[in-house]
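What follows is a short report on a single structure.
Source: prediction; values computed, not measured. In listed order, ligands and their atoms are each counted from 1.
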Amino acid sequence: MKVFQHVSDIGDLKVAMQEAFDIKQDRFKYQTLGKNKTALLIFFNNSLRTRLSTQKAAMNLGMNVIVLDVNQGAWKLETERGVVMDGDKSEHLLEAIPVMGSYCDIIGVRSFARFENRQDDYEEKILNQFIKYSGRPVFFMESATVHPLQAFADLITIEEYWKKRSEETNTNGKKPKVVLSWAPHPKALPQAVPNSFAEWMNAADVDFVVTHPEGYELDPQFVGNARVEYDQMKAFEGADFIYAKNWSCPGVTRPEDYGKVLLKDMSWTVDTRHMAVTNNAFFMHCLPVRRNMIVSDDVIESPTSIVIPEAANREISAQVVLKRMLEAL
Ligand code: CP
């Protein structure tokens, strides 16, 4: 694997899932695979889970790891070609990328949506330059439009908990009903997590529903054939998994609204009233989460909240991806 961006990059999803469960059984099974190989993790934005889980996954594989926080100690980078660099940016990405590539074997990059220009964000202008100029395999650690390490971990978590639920109760071989729900947030957040979650759920064996207020339609390339339901309570009826997440306006129907917060309707905050109409659903969120904006204290602290094991599975998804990239070097 040379690039990890979309669910299609992982190949046969069933095979990848089995590999994830095998690694979870014995995460040090491939501890010599990464000997004398270096992973460079580049962060243009903050992180807790991605930073720690990806480092841990690389260490499980015996790799060396370098972490670069671009905004703390590195030269300020210009990203646009043709700019007269007479401002505060001292280095151009076009030199910085191949230099960074020369110090490592695999590169992971986090670079969020900038919300300045929808086309630039949706064309993945920054990450594509890493793919083009680094000379190294590149995996996305949340880009302008996708967060595949998160979605892979989410799917691992759903399969694990659905298997447990099926063993405890008679689910009659039914597919789990998985609902992705928009929830309010005070700031404009990217669409990367819901985009990838939708893309991966469409590829998985689940009954997938997306619910959000009108105007928050996700890009069709990600939402695919998912059922969209504008009535949140109706969407939650009989759900087995609730995945809450805020996203700013994707600008699908009104491009001028791209990246805007159109409403903060607190009736969309996931609380016990919502969960009561589900099929005792598991509650998921990628974290970090703003309590009592996205989800009530009661729901996130309930026995069916699986946000912590979901975050723990980030180590597993990262390890599968790094293993595949090491094997292809
Ligand atoms: N879920 C996630 O990617 O967390 P971080 O932003 O803390 O890495």
task = Among all protein heavy atoms, pick the one closest to atom 3 (O) of ligand 1 and tell me residue, atom and distance.
result = H147 NE2, 2.8 Å

task = Find the distance between CD (E327) and CG (L61) and round it off to the nearest 0.5 Å.
result = 9.0 Å

message = Quick one about D271 and T269 (side-chain donor to acceptor, distance below 3.5 Å, no hydrogens or angles considered), yes or no?
response = no

remark   = Looking at R51, R110, R49, the heavy atom closest to atom 6 (O) of ligand 1 belongs to R110

Any N or O of C286 closer than 3.5 Å to N or O of ligand 1 = yes

query = Identify the closest protein heavy atom to atom 1 (N) of ligand 1: which residue and atom is it, and at what distance?
reply = L287 O, 2.9 Å

request  = For ligand 1, find out whether one of its N or O atoms is nearer than 3.5 Å to an N or O atom of Q150.
outcome  = yes

inquiry  = With no hydrogens and no angle check, just 3.5 Å: does a side-chain donor-acceptor pair link N60 and E315?
reply    = yes

ask   = Looking at R314, which atoms of ligand 1 are within less than 4.0 Å of one of its heavy atoms?
value = 1 (N), 2 (C), 3 (O)

remark   = In this structure, atom 7 (O) of ligand 1 is nearest to the protein heavy atom L48 N, 2.7 Å

query = Ring centres of F140 and H147 under 6.0 Å apart?
reply = no

inquiry  = Would R324 and F4 count as a cation-pi pair here, with the cationic atom under 6.0 angstrom from the ring centre and within 45° of the axis?
reply    = no

request  = Go through I42 and F130 one step at a time and tell me if the side chain to side chain contact (heavy atoms under 4.5 Å, CB included) criterion holds.
outcome  = CA-CA 11 Å; I42 301 166; F130 276 90; 3.6 Å; yes

